[in-house]
Amino acid sequence: MTTTETIRYDFAAIEAKWQEKWLTDKTFKAGEDPSRQKYYVLEMFPYPSGRIHMGHVRNYSIGDVIARYKRMRGYNVLHPMGWDAFGLPAENAAIKHNTHPATWTYENIDYMRGQLQRMGFSYDWDRELATCSPDYYRWEQLVFTRMYEKGLVYRKLTTVNWCESCQTVLANEQVIDACCWRCDNAVQAKDMHGWFFKITDYAEELLADCDRLTGWPEKVLTMQRNWIGKSVGAEIDFQVAGSDEKITIFTTRPDTIFGATFMSIAPEHPLVEKLASGTGHEAEVFEFVQRTRNLKKRKKQDEELEKEGVFTGGYCVNPFTGSKIPVYAANFVLMEYGTGAVMAVPAHDQRDFEFAKKYHLPIELVVDRPGAPLDPATMQEAYVEPGVLVNSGRFDAMASEEAKKAVTEHAAREGFGQSRTTFRLRDWGISRQRFWGAPIPMIYCQKCGVQPVPEKDLPVTLPTDCAPDGSGKSPLPQLESFYKTTCPACGEEARRETDTMDTFVESSWYFARYACPDAGDQVLDRSRVDHWLPVDQYIGGIEHAILHLLYARFFTKVLRDLGYLTAAEPFANLLTQGMVIKDGAKMSKSKGNVVDPNTLIERYGADTTRLFSLFAAPPEKDLEWSDQGVEGASRFLNRVFRLVQAHADLFDGSPAGVPDSIDGPGRALHRKIHQTIRKVSFDMENDFHFNTAISAVMELVNALSSATAEEAREQVEPAVLREGIEAVLLLLYPMVPHIVAELWTVTGHRQSLDGAVWPEFDPEAAREDEITIVLQVNGKLRGRLQVAAGTGEEEVKKLALADENVVRFMEGKTARKVIVVPNKLVNVVV
RNA sequence: GCGAGAGUGGCGGAACUGGUAGACGCACUGGACUUAGGAUCCAGCCCACUUUGGUGGAUGGGGGUUCGACUCCCCCCUCUCGCACCA
């Protein structure tokens with residue numbers, strides 16, 4: 001470079017130019033093309049909160065690299081973008097600004113779309129969708145009614161978090177330390193009717209199919225498996241002493257049933273009162289039930305409740321031993337899981353053990369430890385491992401596994417039990433007493449009961465002439481023009497459901513709608529959906545590992561069973577990107593450590609912003625923000641720009657093509673070029689480790705810039721320089737498309753880079769002629785040896801033993817063993 | 001408590017199936033060019049000793065397998081995330 005003034009490229013002009021071209025040309029429009037293999041890459045769509053944040057930048061940069069790379073590899077790529085547009089923030093903003101949630105939402109969408117376009121992401125904008133549009137949710141409502149017809153939707157009474165002063169149900173996330181997040185009043189438990197999706201019908205399949213999701217991180221699959229929480233065991237009926245009632249328990253350890261010395265039931269168990277009545281324990285039991293109920297509600301996540309219980313006064317009979325055992329109400333028994341009643345086996349369950357110690361209840365050993373027999377009198381903790389049955393009548397001497405089966409079979413035969421599988425997974429409650437959500441398409445008729453809205457009457461649209469008023473209540477139950485309707489069965493006056501759906505419903509199927517966003521007369525256009533689904537690569541934050549991903553899997557199976565699509569799973573491969581961290585914490589407004597992408601784009605441009613977010617860490621790990629790191633990324637792009645400019649004349653007409661017979665520096669550079677292509681291609685294909693891919697390109701740029709342009713021409717064949725520069729541009733294109741597209745025209749290419757093909761490396765060119773052999777004596781590095789590639793083992797060994805460093809460190813001793821690793825090292829053991 | 005993952009220079013991070021630990025970048029130091037440099041270029045940059053040629057040590061700690069361990073095995077420590085009384 002002869003000028004003293006350093007060129008900095010005009011990223012603003014360049015980026016604007018290419019972005020406009022991409023939009024007007026619809027460069028990234030995707031259509032079904034049977035001649036090419038499809039590739040569907042999708043990033044989790046954003047909530048239109050107002051502006052994009054660094055997490056979006058990272059997420060969408062990763063996705064865009066994959067999309068552009070796959071296009072270069074010849075795939076027919078679908079890369080859509082849309083908006084998860086229903087939700088509470090829009091209601092709050094509407095109240096604050098005295099407007100309609102739709103106004104705020106659509107304004108945000110417009111702004112954020114502009115931001116995404118300013119980042120140069122290669123979306124097919126013709127497929128853009130917003131879930132708050134009736135064009136979207138009408139199909140969701142139709143699916144809802146189809147699910148209802150199929151028995152996958154039901155209504156039931158449940159306990160919800162209720163804020164009296166706000167007159168609304170709160171989501172669990174909106175309850176902070178048992179108080180309302182908005183008004184800080186204590187939250188109450190209230191029984192309300194709500195609609196539920198029967199996700200539990202799919203528990204078994206959702207669990208089993210985890211094994212088929214080989215492209216998902218093990219961590220996510222583990223979380224899903226745990227969430228589904230399958231337990232195999234048995235249900236056994238215990239007769240209540242002196243009554244016709246029986247208490248059914250669930251256990252995973254039927255082999256320990258002879259050791260049940262008491263029973264624990266949930267304080268909310270329907271039989272608690274009955275058991276206590278007439279025993280003199282009523283007052284005590286009532287007091288305990290009230291106290292634990294209040295305590296439970298107030299319990300914070302992290303504090304552990306002390307195990308506590310009270311004797312109900314009642315007894316039940318162990319059907320296997322015939323003995324009468326006391327029934328306790330205990331605060332650690334959950335009504336929601338199993339049957340709300342547990343047989344207590346202190347010898348083989350730690351909780352029961354502690355409980356028995358506290359209340360002086362008998363401990364009976366029924367499963368003994370093989371090889372080291374136990375004594376219940378001296379046991380310090382429960383023995384929970386499998387073992388051999390003792391004190392168990394006819395089941396004695398059986399191994400635990402065998403006994404589980406035998407006990408269950410016996411109970412089934414005698415009619416007081418059966419094998420049973422339970423799941424931790426609960427049905428999905430989707431009713432929200434909110435305004436800004438998709439209306440639940442159901443109608444209540446006095447005469448005919450609950451009726452789904454017929455397909456011809458869909459969509460049930462949200463009114464545009466009213467909005468939340470700040471009272472905290474949804475206006476819908478008071479809005480006659482909305483709720484007043486007629487029964488589709490009898491035609492009489494009827495009332496519409498005024499609850500809306502959980503916003504997770506919209507995000508459970510949007511990936512399918514992207515395949516046919518224009519399908520105006522049906523939920524999904526099956527042939528197009530089947531063409532594109534499953535998503536080949538899904539990318540998003542780990543925070544959605546359970547809810548969104550589980551719901552999406554569930555919905556896909558439901559849509560399959562309703563005949564809308566064929567895929568059993570929505571996402572073949574999942575990449576969970578790490579968080580963007582600054583000063584050791586996740587970027588957040590409350591911590592004041594946010595970096596606004598806009599300032600970066602203005603100062604450095606989209607390419608630098610993209611490059612930094614890709615280079616600073618591998619995608620799956622957290623990314624520590626560094627202002628200096630951004631400078632480094634910017635510096636690198638400027639170097640690339642100057643490098644290409646300095647060699648621009650190389651591309652004037654002279655044909656490319658590296659001669660076969662080069663050697664010296666030209667050969668070395670040629671080799672480096674092909675080694676770089678090999679390395680970058682490998683990184684793109686394996687786990688998307690863009691950070692190492694970028695570092696490899698940086699090395700190549702360093703090699704190409706190691707001499708001034710003039711010197712380089714003297715040392716290296718122009719064709720090799722040209723090959724190197726083109727390789728740099730092609731390899732960088734998916735990550736920093738604007739600057740590369742611009743430089744590609746500088747290098748005389750008429751055709752746009754957007755249709756360019758990923759370079760292939762030539763193994764012959766990448767091969768090393770000379771190899772450095774590491775010389776070790778007793779495993780310690782003692783020297784290096786340059787040999788021609790392909791030198792025989794014996795020859796290398798001979799050279800190594802003759803090496804002066806090796807000889808020196810052998811100190812005259814003879815080699816006991818010589819290990820030769822071909823093309824790598826020689827280790828002499830003395 | 002259970003489950004998953006991770007501990008490597010001042011920092012972010014490299015290191016393929018065990019084979020030169022620290023690629024690449026940042027920061028830092030020195031120099032060049034300069035009215036100036038926060039631009040650019042060149043050089044240095046794990047630690048300790050050193051006769052400046054090297055030598056020794058080092059991937060959370062301890063042990064083991066191996067000719068050879070960041071990598072494999074065992075024990076321990078720390079951190080992050082998830083589920084947390086699931087019977």
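Here is the naming used below: chain letters follow the sequence lines, and residue numbers restart at 1 for every chain. Below, all heavy atoms of this structure are taken into account, side chains as well, without hydrogens, waters or symmetry copies. Bear in mind that the values here come from a model prediction, so they are computed numbers and not experimental data.
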All N/O pairs under 3.5 Å across the protein-nucleotides 13-15 of chain B interface:
from	atom 1	to	atom 2	distance (Å)
B/rG13	O3'	A/Asn691	ND2	3.3
B/rA14	OP1	A/Asn691	ND2	3.2

Can you tell me if A/Arg603 has over 12 outside heavy atoms packed within less than 6.0 Å of its CZ? no
Rounded to whole Å, the CG-P distance (A/Asn823 to B/rG18) equals 17 Å
Using the rule side chain to side chain contact (heavy atoms under 4.5 Å, CB included), only one of A/Val826, A/Val829, A/Val796 pairs with A/Val818; which is it? A/Val826
Please tell me which of A/Val821 and A/Thr422 maps to the more 5' nucleotide of RNA chain B, matching each residue to the nucleotide holding its nearest heavy atom. A/Val821
Considering only heavy side-chain atoms of A/Asn702, the closest of B/rG82, B/rA87, B/rC24 is B/rC24
Please produce a list of atom pairs where a protein N or O lies less than 3.5 Å from an N or O of nucleotides 67-74 of chain B.
from	atom 1	to	atom 2	distance (Å)
B/rC67	OP1	A/Lys817	NZ	3.3
B/rC67	O2'	A/Asn827	ND2	3.3
B/rC67	O2	A/Asn827	ND2	2.4

Just the table, please: protein N/O against nucleotides 56-60 of chain B N/O, every pair under 3.5 Å.
from	atom 1	to	atom 2	distance (Å)
B/rG56	OP1	A/Arg782	NH2	3.1
B/rG56	OP2	A/Arg782	NH1	3.1

For A/Arg635 and B/rG25, give me the distance from atom CZ to atom P, rounded to whole Å. 10 Å
4.5 Å side-chain heavy-atom contact, A/Phe320 and A/Phe416: yes
I'd like to know whether the aromatic ring centres of A/Phe612 and A/Phe636 sit less than 6.0 Å apart in this structure. no
Minimum-distance nucleotide (side-chain atoms of A/Leu334 versus B/rG82, B/rG19, B/rA87): B/rA87
For B/rG3, take OP1 and OP2 only and decide whether either is under 4.0 Å from a side-chain N or O of A/Arg225. no
Rounded to the nearest angstrom, tell me the gap between atom CD in A/Gln675 and atom P in B/rA23. 17 Å
Measure all distances between protein nitrogen or oxygen atoms and nitrogen or oxygen atoms of nucleotides 51-53 of chain B, and list the pairs falling under 3.5 Å.
none

Check the distance between B/rA23's P and A/Leu700's CG and give it to me in whole angstrom. 18 Å
Sugar-phosphate, base or nothing in reach of A/Gly229, heavy atoms under 4.0 Å: nothing
Looking only at B/rG19, B/rC83, B/rA4, the nucleotide nearest the A/Thr222 side chain is B/rA4
Which one, B/rA4, B/rA84, B/rA87, comes nearest to the side chain of A/Thr251? B/rA87
Closest of B/rG25, B/rC81, B/rA87 to the A/Arg639 side chain is B/rG25
Which whole-number value in Å describes the distance from A/Arg253 CZ to B/rC86 P? 14 Å
Among B/rU20, B/rA87, B/rG19, which is the nearest nucleotide to the side chain of A/Ser231? B/rA87
Minimum-distance nucleotide (side-chain atoms of A/Glu699 versus B/rA23, B/rA87, B/rC41): B/rA23
Base-pair string, RNA chain B, Watson-Crick plus G-U, cut-off 3.5 Å on both distances, | for inter-strand, is (((((((..(((......[....))).(((((.......))))).((((....))))..(((((..]....))))))))))))....
Closest listed nucleotide, where the reference is the side chain of A/Trp227 and the choices are B/rA87, B/rC83, B/rA27: B/rC83
Non-hydrogen side-chain atoms of A/Lys679 and A/Glu699 separated by less than 4.5 Å: no
Within residues 345-352 of chain A, residues whose heavy atoms come under 4.0 Å of RNA chain B: A/Arg351
A/Arg784 side chain, from C-beta outward: closest of B/rC24, B/rU20, B/rC83: B/rU20
Expected label for B/rG44 (glycosidic angle, syn inside 90° of 0, else anti) would be anti
